[in-house]
Enquirer: 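What follows is a structure written as structure tokens; I'll ask about it next.
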Amino acid sequence: MHPAFSIIFFTITSGLGYGLLFFSGLHVALGRTGNIVEPSSNPLVVCVVIGLTLVLLGLLSSTLHLANPKNAWRAFFRFRSSWLSREGVFALLTFPIVFAFIYTLIATETSSVTSKTTAIILMIISLLTVYSTGMIYACLKTIRAWNSPLVPTNFMLLGLLSGAITMFAILSYHSQQSELLLTLIMGLLCLAFITKAIYYYFIGKPSKLSIKTATGLSSQKVRLLHTGESSKNFLMKEFGFDISVKKVLLLRFCSILLMVVVPTLCLITQSTSFHFILIAVICNFLGLLLERWLFFAEAKHVVNLYYGREA
Amino acid sequence: MRLGLVIDLDTCVGCHACVVSCKEWNTSGTTGSLSDQNPYEKDPTGVFFNRVRSYETGNYPHSKTVNFPMSCMQCEDAACVTVCPTGASYKRKSDGIVLIDQDKCMGCNLCAWACPYGSRELDRESGTMKKCTLCVDRIYDESLPEIDRQPSCVMTCPTTARHFGDFDDPNSNVSKLTRERNGNGLMNELGYNPTNQYLPPRLASSITIEKKQKSLVGQAKDWANELISR
Amino acid sequence: MTAQICPQNIDLEDPLPVFEDRSNQEVKTTTCYMCACRCGIKVTLEGKKVRYIQGNRNHPVNKGVLCAKGNAGIMKNESMAKLRSPLRRKPGTERGDGEFEVISWDEALNELTARLEKIRETDPKKLAFFSGRDQMQALSSLWAQQFGTVNWSAHGGFCSVNMAAAGLYTLGQSFWEFGEPDWDNTKYFMLWGVAEDHSSNPIKIGLSKLKKNGAKFATVNPVCTGYQAIADEWISIRPGTDGLFAIAMSRVLLENDQFDKEFLIRYTNAPHLVIQNPGKSNDGLIWRNEQGKPQAWELESETFIDASLAEIKPALFGEWQTSEGFSVKTSFTLLTEGYLGDEYSLDKVSKETGIAAEDIERHALEMAHVAFQESIEIETEWTDWTGKKHDKFIGRPVSMHAMRGIAAHSNGFQTCRAIHILQILLGAIDCPGAHLAKPPFPRMIPPPIKPAKNMAANTPLQSPPMGFPTSPEDLCIDIDGKPLRIDKAYSWEAPLANHGMMHMVINNAVKGDPYTIDTLIFFMANMAWNSSMNPGNTQNLLREKDDNGEYKIPYLVVVDAFHSETVNFGDLILPDTTYLERFDTISILDRPISEPHVIADAIRHPIIDLDRDVRPWQEVMVDLATRLKFPIFTNDDGTAKYSGYKEFITNWEKHPGIGFLAGWRGENGEKSIVGEPNPDQWEKYIENESFFKQDIPDSQKYYRFANKEYLEFAADTHLNFNDKPIVMEIYSETLQKFRLAGQGLYDGPCPSDEEDKARLKKYFTPCPSYYKPIEVELTDEDEYPFSTTTQRPMFMYHSWDSQNAWLRQIMAQNKLYMNRAKAESMAIAEGDWVWVESRIGAIKAQVKLMEGCEENTVWTWNAIGKQSGAWGLKKGANESEKGFLLNHLISELLPTDNTSQREMTNSDPITGQAAWYDARVKVYRADDQTPISFPQFDTIKPLPGAPDQPSVLRYKTHEPVNIVRPMKDVLTRGKNPR
């Protein structure tokens, strides 16, 4: 698949934003706000505001991918069948829920039932939205590399991971710490690494589909002779992306390094230093960019089979 | 009704008549125009609903060439309809034709991602997705003579490799052809239940031959003459 | 076409809007001209633009279907390459530099008329007028005849004259527009060397029918694409060896005693006796009695007898002594002796062709089985030429079709004759299920027209410039045996050059061999590019000047509709219209559109208005003819006889009652084929969907060469020249006469040049023979191991469609196709750039590997490679930057051993057919893989007034009527699509 930067940016920033929202909600729901909430400053509010801004930024970025954005407002109407619609609706619902949450943070006791309930709703909507984003890709049987429960799982885990590290950085900036968050981050780093590894194993398996199954021609060997167009058409521009195995392995390595390894080292050794946490955030983000880029680049649409290519 | 096409791989010679006929009808049709980029320079490209690809099976000298037209399969379980967020992509209840409402499409490409057959293309000029409409703007048009109420590609095909009809009617030409010639949809395993059916190339029957037992008789002048009147 | 379902949209669940405003639309019928198939089309106009083009169901040629090209007519009309006005090369600029100034038609025609007048009154042969994408050969030939120059031909000499000539000298008809398989009834069809043909839609319709009927379709071709894809059996063959295959199969039939003896005896010259008198002037001639009748040996009476009599029982085989001191053999004996010779053993043939010996035998016996064991009968009463009545037609349902893969070789004439002999042995000519003639064929063998030789100032030729020589006396040569024509057609170099040799004109004119000319007019012929061999050199020849600084071809007039590479070289450009913008005739006198059982002709008329200063070339020819006061175009008092083309077509008669258009003749339009001129004839055609057709009655449909009713009808209507039965020629006495001349024995003109003699002796065998293509014979096959061929794609017609925005998207770059295994053994991978080298040059191209390619052949698509800037394409277009021509590797001259040897044309020695596919090359991977083809040429400048090419097209004739999905449905429809 041709990696479109606007979509890559959208899923990452959106995931990150929802991660921030989720963990903000988690702290309130578990009543573990501890010294995080103080009259003078409220890092949780900062997290939530940044989170929502990133979600908004992501949404706007996704519209850049649209060829006819004036109809973007219609995207909410097919909730009944379309994951993109569902994601849109959930994203839309996020706003009032976040406003409500901020209100509970500022105007009420964070330990009140209202706060905790709002927090739980916020967590649910965050997960639902990121899950929906993942399902947009995972429901497509045409792209084997996407058609797996591992995809929404990864989206959620990586969104949570990046959100958690970012929240950790914001707290650190405000000279706050959360043991809970640090533990969860370490857990997420492991989980993310494991599920990513399983995913790469999974998409490395040979496909059952071939030019023979695509065309239904049962002869021993089937080869493309002519595509019927001599320059790249829409299909090949969108789906005919080439990347060498060497490049894939290199980028996977760099991605894991930046996304998982460097943040792990930073947080194990220097969990109290803002600068190291910031390095972790940035590296994790860059690693995520690579991961998401590869997510597209490595995905082969089944229509490629009709073009004599692999899928 | 379940309208669709039967494509006969046994008689398609890859002439591209259907490709161009579709283009010319539809560029002024219900989702027109079908734009072209770089029409007179390097790497021309444009929106076509129907494309013909060619494949070779087997190895030289026993290889066979198969020409393979593909356009929207009008699937019963069309994924492109399921994934469309705006509802622009939909399947008509009465005849099963899958259409794209040009007023609603936002050009997100998701339907193209969902379609395994490459049936949908983005028209950069309108920013919307376009595809074969099964000539819905021809087949019901009572200002056309009845015999012309067919998809343009079907009317034009010089080798009668394209047929149009109702698959819900077991006596229609398309239903009969599919039965008689073991027609199949493409990539059925993906579960989209394509309506268009493909008829595989026929195997030729062999011809018996008669050989004379005697070998070549000496010289021509020794050959016998038969008495045959002019 | 069977009617497809027309569903009733009574379901208001999915209502539809009105899509087309019919009140703003008009449907007109005319004839397509995206190629020479000339299908009937219906053009829907909306306002001034073309909304839609479709096939006309009522038209006999295409019956409603239409190919990719026909469907792309809109974009032909929108082409950026359309010429817009007459042009003159700017004085002081060089030819080929593309510096032109716009002039008016008056200026252009005054200039041309003055020049032509001068030529006509001094030395008419100084005008050479040759036409390429010709549609009205009959008119342009007539024009040249009236002018008084022999230097005219159409393009058949570089196209496929071998097909036509072989058929006309053997059967009285041929393939292509002369004849066609009986698609409805055939049970076995063999296709030879056909990629795409002018009869393209009929072939497609026919193939579909025969596949449905379960007939076997075998194809002989070095490449497996197109029609070959749907063949039951693909027979891969080494190019140029098809003659061996045909002869070998014939040999199998002879050896297995499976050939149609009745057919041979009744309808051919197989029983005719041939004089065996070596060293004498009558050796090898048909033995005739005092009345000139050929003789045969009557078996019952055991005497010699007039072979043309009915009710005799002549021998097919045998040799007898005559009282005149020589023996005679039957033609068939000679044929058989030749075919049973050692050089045609199956093993030898297998080695040369690449077809396994057992397969050669099997193919022949399969055809024989179908012909004789599965013959068909059509119950109809008919009368043969003897007056005998029959109650049925017996059909041997084996049919064939052949085209340029056979023709474009220096052995193509003999090969095509060999195919015809094979058909005759199977009895499969003009009978049910077999090969059917298309009116006005079958005709006398050959037609009794001799090419004109004598020219005089201001005097028309006494006969057409093209004709059918039957002996050395008919050649267009002077007392010393030197050619009279600029292309050397009908000289010892190419005696039966029935379609001229357009590909030699530039070379000969510049070399002054046989003489220099003054004015060269090319109509619709891209001689400076893909229609020439060695185009780079040809362009240089056009630029060549003599010692005085004058161009060796002083004045070049290019008539074309589009900005071709050749237009760039013109001194005067006369722009033609497109096919939607003019009146035109597709006449029986010309290249007819008849089907086997339907006599037909057609017209074109203007569908859209002209938007630029161009004129139909036919109009201009009539205009020039009138200005030059050609007798046919001038009244006795010197005034113009015709006001223009339309009036000329309606009123001119070739014979009393016979004109260009056969339909609606007679005062009231009530007569067909023969009748007085009808002033409203054009209107009648337009009212009747632009074509005329007349069905042939059932009793006249088959065996027309011997069908009394048909022969009389054909004579009465001047379709044929007399009503005599047509006797097919297994043995060609015409060829034998020329062979005798080569031996110095002929009682008449003989060549004096040793090389001419050698060619006549070797190649002019009266029975078909095989010889290695001449170029191949002179080539080191180890150094140049690959044969090369081209083919036309189905979606492009020669050079005409890269200008078409839709069609060029299908293919804007042609590749060099190679057999995959072969390429891999040479370390050439898919997509590599390779050098292809011949004895005259090298090109660089990109490969595409495939299975369906004979291992020792490389090929590409015809004419897609373009010169940068031509055809309305911008610099950098794939056609010029990456596309290529194989032409650069082929020379119009054969290699010579030393300088004293004459430069001989690279053509078939019998007909002068350009031997494109004889070329031999070597291929190797290029070190420099830069993706640009070689050679590259300078970018052609845009013409004055040429429009800027848009970077986006959004063609439509009205605003689209979108189908709106109700919001209620959007919101309430469930998860499932329906």
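Numbered from 1 within each chain, the chains take letters A, B, ... in sequence-line order.
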Enquirer: Quick one: CG on Asn71(C) to NZ on Lys23(B), what's the gap to the nearest 0.5 Å?
Expert: 13.0 Å
Enquirer: Please flag which part of Tyr188(C) lies under 4.5 Å from any non-hydrogen atom of chain B: side chain, backbone, both or neither.
Expert: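 The side chain, not the backbone.
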Enquirer: For Thr57(B), which atoms come within 4.5 Å of any heavy atom of chain C: side chain, backbone, both, or neither?
Expert: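 Contact with chain C: none, neither part.
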Enquirer: Go through the side-chain N and O atoms of Asn256(C) and Glu210(B) and say whether any donor and acceptor fall under 3.5 Å apart.
Expert: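 The criterion, which ignores hydrogens and geometry beyond distance, is not satisfied for Glu210(B) and Asn256(C).
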Enquirer: Can any side-chain N or O of Arg808(C) pair as donor or acceptor with the backbone N or O of Pro39(B) at less than 3.5 Å?
Expert: yes
Enquirer: Can you see which heavy atom on Pro960(C) is nearest to which on Gly29(B), and at what distance?
Expert: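 Reported closest heavy-atom pair: CB-O, 3.4 Å.
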Enquirer: Check whether Val52(B) gets within reach of chain C through its side chain, its backbone, both or neither, counting any heavy atom under 4.5 Å.
Expert: neither
Enquirer: Which heavy-atom pair separates Tyr60(B) from Cys853(C) by the least distance, and what is that distance?
Expert: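 Looks like CE1-O, 3.3 Å.
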Enquirer: Measure distances from Ala231(C) to the heavy atoms of chain B and classify the residue's part below 4.5 Å as side chain, backbone, both or neither.
Expert: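 Answer is backbone: N, CA, C or O of Ala231(C) sit under 4.5 Å from chain B.
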Enquirer: Given a strict heavy-atom distance threshold of 4.5 Å, which part of Glu879(C) is in contact with chain B: side chain, backbone, both, or neither?
Expert: neither
Enquirer: At their closest point, which heavy atom of Gln809(C) faces which heavy atom of Thr45(B), and how far apart are they?
Expert: OE1-C, 3.0 Å
Enquirer: By a 4.5 Å heavy-atom criterion (distance strictly below it), what part of Met367(C) contacts chain B: side chain, backbone, both, or neither?
Expert: neither
Enquirer: Is it the backbone or the side chain of Lys822(C) that comes under 4.5 Å from a heavy atom of chain B, or both, or neither?
Expert: neither
Enquirer: Do Asn962(C) and Thr31(B) meet the criterion of a side-chain donor-acceptor pair at a distance under 3.5 Å?
Expert: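 Looking only at side-chain atoms, Thr31(B) and Asn962(C) do not form any donor-acceptor pair under 3.5 Å.
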Enquirer: With the side chain counted from C-beta on, respond yes when Trp806(C) and Thr27(B) share a heavy-atom pair under 4.5 Å apart, and no when they do not.
Expert: yes
Enquirer: In Å and rounded to the nearest 0.5 Å, what is the CD to CG distance from Glu125(B) to Leu953(C)?
Expert: 9.5 Å
Enquirer: With a 4.5 angstrom heavy-atom cut-off, which part of Glu881(C) approaches chain B: side chain, backbone, both or neither?
Expert: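 Interface part for Glu881(C): side chain.
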Enquirer: Please classify the contact between Pro793(C) and chain B as side chain, backbone, both or neither, with a heavy-atom cut-off of under 4.5 Å.
Expert: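 Nothing of Pro793(C), per the 4.5 Å heavy-atom cut-off to chain B.
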Enquirer: Counting heavy-atom pairs closer than 4.5 Å to chain C, which one of Ser143(B), Gly14(B), Ala88(B), Ser89(B) comes out on top?
Expert: Ser143(B)
Enquirer: Between chain C and each of Pro201(B), Gly96(B), Ser54(B), count heavy-atom pairs under 4.5 Å; write down the option with the most.
Expert: Gly96(B)
Enquirer: In terms of heavy-atom pairs under 4.5 Å, which option from Ile209(B), Asp101(B), Val81(B), Val98(B) contacts chain C the most?
Expert: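 Ranked by contacts with chain C, first place is Asp101(B).
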Enquirer: How far does CD1 of Ile207(B) sit from CD of Gln373(C), to the nearest 0.5 angstrom?
Expert: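 The CD atom of Gln373(C) is 12.0 Å from CD1 of Ile207(B), to the nearest 0.5 Å.
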Enquirer: Measuring from Leu66(C):CG to Cys15(B):SG, what's the distance to the nearest 0.5 Å?
Expert: 9.5 Å
Enquirer: Give a yes or no answer on whether the side chain of Gln37(B) reaches the backbone of Val952(C) with a donor-acceptor pair at less than 3.5 Å.
Expert: no
Enquirer: Please flag which part of Arg2(B) lies under 4.5 Å from any non-hydrogen atom of chain C: side chain, backbone, both or neither.
Expert: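 Both the backbone and the side chain of Arg2(B) come within 4.5 Å of chain C.
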Enquirer: Using a 4.5 angstrom heavy-atom cutoff, name the option from Arg266(C), Arg978(C), Lys874(C), Met794(C) with the most pairs to chain B.
Expert: Arg978(C)
Enquirer: Counting only heavy atoms closer than 4.5 Å, note whether Lys216(C) contacts chain B via side chain, backbone, both or neither.
Expert: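 Lys216(C) touches chain B through side-chain heavy atoms alone.
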Enquirer: Lys882(C) versus chain B, heavy atoms under 4.5 Å apart: side chain, backbone, both or neither?
Expert: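 Lys882(C) touches chain B through side-chain heavy atoms alone.
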Enquirer: Against chain C, label Ile100(B) side chain, backbone, both or neither, depending on which of its atoms sit under 4.5 Å from a heavy atom there.
Expert: backbone
Enquirer: Rounded to the nearest 0.5 Å, what separates atom OG1 in Thr156(B) from atom CG in Asn201(C)?
Expert: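 So the gap between those two atoms works out to 7.5 Å.
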Enquirer: Check whether any side-chain heavy atom of Pro44(B) lies under 4.5 Å from a side-chain heavy atom of Asn878(C), and answer yes or no.
Expert: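 Side chain of Pro44(B) against side chain of Asn878(C), heavy atoms only: contact under 4.5 Å found.
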Enquirer: Using a distance-only test with no angle check, is there a side-chain donor-acceptor pair under 3.5 angstrom linking Ser28(B) and Tyr52(C)?
Expert: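 There is no such pair (donor and acceptor under 3.5 Å, judged by atom type) between the side chains of Ser28(B) and Tyr52(C).
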Enquirer: Any sub-3.5 Å donor-acceptor pair from His369(C)'s side-chain atoms to Thr208(B)'s backbone N or O?
Expert: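 Between the backbone of Thr208(B) and the side chain of His369(C) there is a qualifying donor-acceptor contact (under 3.5 Å).
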Enquirer: Tell me, for Ile74(C) versus chain B, whether the close heavy atoms (under 4.5 Å) come from the side chain, the backbone, both or neither.
Expert: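 Contact with chain B is through the side chain of Ile74(C) alone.
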Enquirer: Most heavy-atom pairs under 4.5 angstrom with chain C, which of Asp43(B), Asn26(B), Leu99(B)?
Expert: Asp43(B)
Enquirer: With no hydrogens and no angle check, do the side chains of Ser35(B) and Arg954(C) hold a donor and an acceptor under 3.5 Å apart?
Expert: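 Looking only at side-chain atoms, Arg954(C) and Ser35(B) do not form any donor-acceptor pair under 3.5 Å.
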Enquirer: With a 4.5 angstrom heavy-atom cut-off, which part of Glu361(C) approaches chain B: side chain, backbone, both or neither?
Expert: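 It is the side chain, since no backbone atom gets that close.
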Enquirer: The test is salt bridge (Lys or Arg N to Asp or Glu O under 4.0 Å); show your working for Arg57(C) and Asp148(B) and say whether it passes.
Expert: CA-CA 10 Å; Arg57(C) 279 207 180 77; Asp148(B) 279 354; 2.5 Å; yes
Enquirer: Rounded to the nearest 0.5 Å, what separates atom NE2 in His16(B) from atom SG in Cys67(C)?
Expert: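 Interatomic distance, His16(B) NE2 to Cys67(C) SG, rounded to 0.5 Å: 12.0 Å.
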Enquirer: Please rank His62(B), Lys42(B), Arg124(B) by heavy-atom pairs under 4.5 Å with chain C and give me the top one.
Expert: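 Maximum pair count with chain C is reached by Lys42(B).
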Enquirer: With a 4.5 angstrom heavy-atom cut-off, which part of Arg51(B) approaches chain C: side chain, backbone, both or neither?
Expert: neither
Enquirer: Given 3.5 Å as the limit, does a donor-acceptor pair link the side chain of Thr65(B) with the main chain of Ala229(C), or not?
Expert: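 Answer holds: no.
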Enquirer: Please state whether the side chain, the backbone, both or neither of Glu311(C) comes within less than 4.5 Å of a heavy atom of chain B.
Expert: both
Enquirer: What closest approach, in Å, do Ile230(C) and Cys12(B) show between heavy atoms, and which atom pair accounts for it?
Expert: CG2-O, 3.3 Å
Enquirer: Is the closest side-chain heavy-atom distance between Val20(B) and Lys69(C) below 4.5 Å?
Expert: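 SC-SC contact between Val20(B) and Lys69(C) ruled out.
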Enquirer: Before accepting this row, confirm whether a basic side-chain N of the pair Arg22(C)/Asp141(B) lies closer than 4.0 Å to the acidic partner's carboxylate O.
Expert: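 Salt bridge flag = yes for Asp141(B) with Arg22(C).
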Enquirer: Is the backbone N or O of Tyr90(B) less than 3.5 Å from a side-chain atom of Arg973(C), with the two atoms forming a donor-acceptor pair by type?
Expert: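 No; judged by distance alone, with no hydrogens or angles, the pair does not exist.
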Enquirer: Does any backbone or side-chain atom of Glu24(B) lie under 4.5 Å from a heavy atom of chain C? Answer side chain, backbone, both or neither.
Expert: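 Both parts, backbone and side chain.
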Enquirer: Side chain, backbone, both or neither: which part of Ala215(C) has an atom under 4.5 Å from a heavy atom of chain B?
Expert: neither
Enquirer: Is Asp103(B) salt-bridged to Arg965(C), going by a charged N under 4.0 Å from an acidic O?
Expert: no
Enquirer: Under 3.5 Å, is there a donor on one side chain and an acceptor on the other for Asp77(B) and Asn976(C)?
Expert: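 Distance-only check fails for Asp77(B) and Asn976(C).
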Enquirer: Among Ser152(B), Ala161(B), Cys22(B), which residue has the highest count of heavy-atom pairs closer than 4.5 Å to chain C?
Expert: Ser152(B)
Enquirer: Which of these passes side chain to side chain contact (heavy atoms under 4.5 Å, CB included) with Lys211(C): Thr159(B), Asp8(B), Thr160(B), Thr11(B)?
Expert: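 For Lys211(C), the side chain to side chain contact (heavy atoms under 4.5 Å, CB included) test succeeds with only one of Thr159(B), Asp8(B), Thr160(B), Thr11(B), which is Thr11(B).
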Enquirer: Is there a donor-acceptor contact under 3.5 Å linking the side chains of Tyr40(B) and Ser951(C)?
Expert: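 Not at all, the side chains of Tyr40(B) and Ser951(C) share no donor-acceptor pair under 3.5 Å.
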Enquirer: Any side-chain heavy atom of Val13(B) within less than 4.5 Å of one from Lys204(C)?
Expert: yes
Enquirer: With a 4.5 angstrom heavy-atom cut-off, is it the side chain or the backbone of Thr957(C) that approaches chain B, or both, or neither?
Expert: both
Enquirer: Write down the atom of Met967(C), the atom of Lys104(B), and the distance for their closest heavy-atom approach.
Expert: SD-CE, 3.6 Å
